[in-house]
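Remarks on the structure that follows.
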Amino acid sequence: MKLVINADDLGYTKAITDGIFRSHSEGILTSTTLLMNASATEYAGTEAQKYPKLGIGVHLTLTAGSPLTKPKTLIQPDGAFLDQLTLRKTDVSETEVLKEWQAQIDRFEKLLGKKPTHLDSHHDVHFDPRFFDLAKALAEERGIPLRGADPRIPNVQNAFPDPELISPEAFIQHLNKQQNYSGTELFCHPGFCDLELLQLSSYNEARELELNVLINPMVQAFLADSQFELSTY
């Protein structure tokens with residue numbers, strides 16, 4: 001059974017980025033997706049060269065940071081992207097969305113010198129009914145798998161569905177529930193927590209709890225004896 005364990009938010013901050021790389025180098029993390037407009041994007045791209053076995057895709061965004069293009073309908077007065085609640089109730093240009101996402105993929109390929117392993121999105125915006133077909137068509141055009149639209153990985157789950165219950169034991173119980181699927185992606189948000197993250201995100205200290213689970217020896221031993229095959233897209 002194919003199992004992809006993917007960390008969202010690579011590049012969001014340096015502390016998150018370092019935590020994601022540690023989750024891979026010392027733990028069970030197989031994959032991650034990179035924000036192309038964040039404070040540590042270039043740092044992440046440089047450091048990623050040290051981890052050739054780590055699958056790296058693009059974390060498409062419309063709700064964090066500022067766009068790489070110059071849209072009119074996707075931004076606040078200060079030029080930053082709309083927040084996720086405002087985006088949901090705002091009529092935006094699909095043409096601008098497509099152009100922006102193309103620019104994010106293009107920047108990834110220029111920075112890392114290769115195609116992304118797959119696409120997903122910050123705050124799951126690509127699952128918005130207005131954008132899903134757009135994202136799917138873009139993924140097909142570029143020959144890149146898309147979270148939620150890849151028949152090889154029909155089961156996509158949050159690795160830690162209860163933020164109040166992040167522990168090795170809870171994670172193993174969650175893994176056991178995925179054994180009837182041919183392919184599963186468990187997405188997660190590990191990282192180190194610092195002042196920058198506390199200012200940016202309400203999901204902060206729990207990221208270190210996730211990291212500790214992903215590098216836990218008991219979890220690693222469970223997977224080594226299981227039918228799961230750790231993989232990337």
Side-chain angles (χ1 to χ4, degrees), residues 1-36 38-61 108-109 111-122 144-145 147 150 152-153 155-160 166-168 170-172 174-175 178 183-194 196-197 201 203-226 228-233:
M1 292 173 286
K2 184 183 180 79
L3 177 62
V4 177
I5 302 179
N6 186 88
D8 295 359
D9 295 346
L10 186 71
Y12 196 22
T13 69
K14 182 178 182 297
I16 286 177
T17 300
D18 288 339
I20 288 173
F21 287 139
R22 184 176 178 193
S23 298
H24 170 68
S25 64
E26 299 183 22
I28 60 171
L29 190 80
T30 64
S31 176
T32 186
T33 39
L34 176 61
L35 282 161
M36 297 316 304
S39 65
T41 296
E42 295 209 4
Y43 169 76
T46 299
E47 289 294 299
Q49 309 303 321
K50 301 176 182 178
Y51 307 100
K53 294 183 179 180
L54 178 64
I56 306 179
V58 178
H59 201 46
L60 300 170
T61 185
F108 177 99
E109 293 181 349
L111 181 63
L112 275 82
K114 59 183 179 181
K115 286 177 63 171
T117 54
H118 66 296
L119 306 174
D120 58 31
S121 63
H122 197 53
I144 306 169
R147 173 186 286 170
D150 187 339
R152 300 170 305 161
I153 305 178
N155 182 38
V156 178
Q157 301 277 339
N158 191 331
F160 302 99
I166 300 175
S167 69
F171 182 70
I172 289 172
H174 191 44
L175 278 171
Q178 317 308 323
T184 292
E185 178 193 352
L186 296 181
F187 61 87
C188 53
H189 300 84
F192 295 113
C193 181
D194 64 357
E196 182 183 9
L197 179 59
S201 175
Y203 196 71
N204 39 63
E205 294 178 352
R207 293 178 188 258
E208 294 198 2
L209 298 178
E210 291 195 18
L211 189 162
N212 289 333
V213 170
L214 296 173
I215 64 174
N216 183 274
M218 181 171 69
V219 171
Q220 295 184 53
F222 170 82
L223 280 171
D225 291 335
S226 74
F228 290 111
E229 176 190 355
L230 287 173
S231 184
T232 66
Y233 271 85

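Note: hydrogens, waters and symmetry copies are ignored here, and every other heavy atom, side chains too, is used.
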Please report the interatomic distance [atom1]([X]) to [atom2]([Y]), rounded to the nearest 0.5 Å.
X: E47; Y: K14; atom1: CD; atom2: NZ; value: 7.5 Å
X: L214; Y: S23; atom1: CG; atom2: OG; value: 5.0 Å
X: I28; Y: L186; atom1: CD1; atom2: CG; value: 8.5 Å
X: L10; Y: I56; atom1: CG; atom2: CD1; value: 6.5 Å
X: I166; Y: L211; atom1: CD1; atom2: CG; value: 11.5 Å

Can a donor-acceptor pair be found, under 3.5 Å and without considering hydrogens, that links the side chain of [X] to the backbone of [Y]?
X: N6; Y: T32; answer: yes
X: T30; Y: S231; answer: yes
X: E210; Y: H189; answer: yes
X: N212; Y: E208; answer: yes
X: S25; Y: F21; answer: yes
X: T13; Y: I16; answer: yes
X: T184; Y: L3; answer: no
X: R147; Y: H118; answer: no

Exercise for the section: Could you tell me whether K2 and D150 make a salt bridge, using a distance below 4.0 angstrom between a side-chain N and a carboxylate O? Expected result: no

Problem - Distance flag, aromatic centroids of H122 and Y12, threshold under 6.0 Å - result: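 Yes: the rings meet the under 6.0 Å criterion.
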
4.5 Å side-chain heavy-atom contact, [X] and [Y]:
X: H174; Y: F160; answer: no
X: T33; Y: P116; answer: no
X: E185; Y: S31; answer: no
X: S226; Y: L175; answer: no
X: M36; Y: L111; answer: yes
X: I144; Y: F108; answer: no
X: V219; Y: F171; answer: yes

Problem - Whether over 12 other heavy atoms sit under 6.0 Å from Q49 CD - result: yes

Practice task
Answer yes or no: are there more than 12 heavy-atom neighbours, outside E42 itself, under 6.0 Å from its atom CD?
Solution key: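 Counting neighbours around CD of E42, 12 or fewer heavy atoms of other residues, nucleotides or ligands fall under 6.0 Å, so no.
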
For the residue pair [X] and [Y], what are the closest heavy atoms and their distance?
X: P145; Y: T117; value: CD-O, 3.2 Å
X: A159; Y: C188; value: CB-CB, 3.9 Å
X: I20; Y: P190; value: CG1-O, 3.6 Å
X: L112; Y: A48; value: CD2-CB, 4.4 Å
X: N216; Y: P168; value: ND2-CG, 3.5 Å

Exercise for the section: Among D194, D18, D9, find the one that has a salt bridge (charged side-chain N to carboxylate O under 4.0 Å, His left out) with R207. Expected result: D9

